[in-house]
Amino acid sequence: MKKMLLVGMLVIGGLSYGRDYEYREGQELQVVQDVVREDQSMISRVREQSEKNMDIYSEFHRELDTMGRGHENK
């Protein structure tokens with residue numbers, strides 16, 4: 001009788017652990033997906049800012065070239 005009770009407890013414990021493991025695995029996967037989504041969002045924001053900075057940089061140098069030519073012609 002004790003052996004059957006012990007086996008029953010082990011089976012129920014194993015099933016319970018398996019369900020909890022699957023649930024935790026799903027939660028961890030959700031966390032990883034959220035992190036990946038945030039990283040992709042951050043990368044796109046950095047790209048946009050980088051493109052804006054390159055536009056500002058090129059315009060700045062264009063103005064320097066124009067000013068330089070103006071001083072050479074005078």
Side-chain angles (χ1 to χ4, degrees):
M1 184 70 178
K2 288 183 181 179
K3 289 182 182 179
M4 287 179 57
L5 184 60
L6 181 61
V7 168
M9 288 177 62
L10 287 174
V11 168
I12 290 173
L15 291 174
S16 174
Y17 178 79
R19 282 184 29 201
D20 288 346
Y21 180 77
E22 288 178 7
Y23 175 75
R24 284 190 308 252
E25 187 178 50
Q27 292 293 82
E28 290 174 358
L29 180 61
Q30 183 66 33
V31 168
V32 169
Q33 288 174 342
D34 289 344
V35 168
V36 167
R37 196 173 304 120
E38 288 174 11
D39 286 349
Q40 289 174 344
S41 172
M42 183 178 64
I43 288 171
S44 68
R45 284 193 309 265
V46 167
R47 277 191 187 135
E48 289 173 5
Q49 186 62 38
S50 156
E51 289 173 2
K52 289 178 185 176
N53 288 345
M54 287 304 293
D55 290 342
I56 291 170
Y57 178 79
S58 64
E59 180 148 338
F60 171 74
H61 280 281
R62 203 172 307 118
E63 289 178 11
L64 283 179
D65 288 344
T66 304
M67 287 174 24
R69 286 189 204 117
H71 288 289
E72 290 174 3
N73 292 337
K74 289 185 178 182

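Count residues from 1 along the sequence.
The side chain to side chain contact (heavy atoms under 4.5 Å, CB included) test with V36 singles out one residue from E38, Q33, Q40, and that residue is Q40.
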Do any side-chain atoms of residues 55-62 form donor-acceptor pairs under 3.5 angstrom with protein atoms, and if so which ones, sequence neighbours left out?
| from | atom 1 | to | atom 2 | distance (Å) |
| --- | --- | --- | --- | --- |
| Y57 | OH | H61 | NE2 | 3.3 |
| S58 | OG | M54 | O | 3.2 |
| S58 | OG | D55 | O | 2.9 |

Which atom pairs, donor and acceptor, lie under 3.5 Å between side-chain atoms of residues 45-53 and protein residues at least two apart or in another chain?
| from | atom 1 | to | atom 2 | distance (Å) |
| --- | --- | --- | --- | --- |
| R45 | NH1 | S41 | OG | 2.9 |
| Q49 | NE2 | N53 | OD1 | 3.3 |

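Atom CD of residue E63 and atom CG of residue D65 lie 10.5 Å apart, to the nearest 0.5 angstrom. Considering CG of D20 and CG of L15, their distance stands at 11.0 Å, rounded to 0.5 Å.
Side-chain contact between Q30 and D34 is present, with heavy atoms from C-beta onward closer than 4.5 Å. Looking only at side-chain heavy atoms (C-beta outward), R19 and Y23 stay at 4.5 Å or farther from each other.
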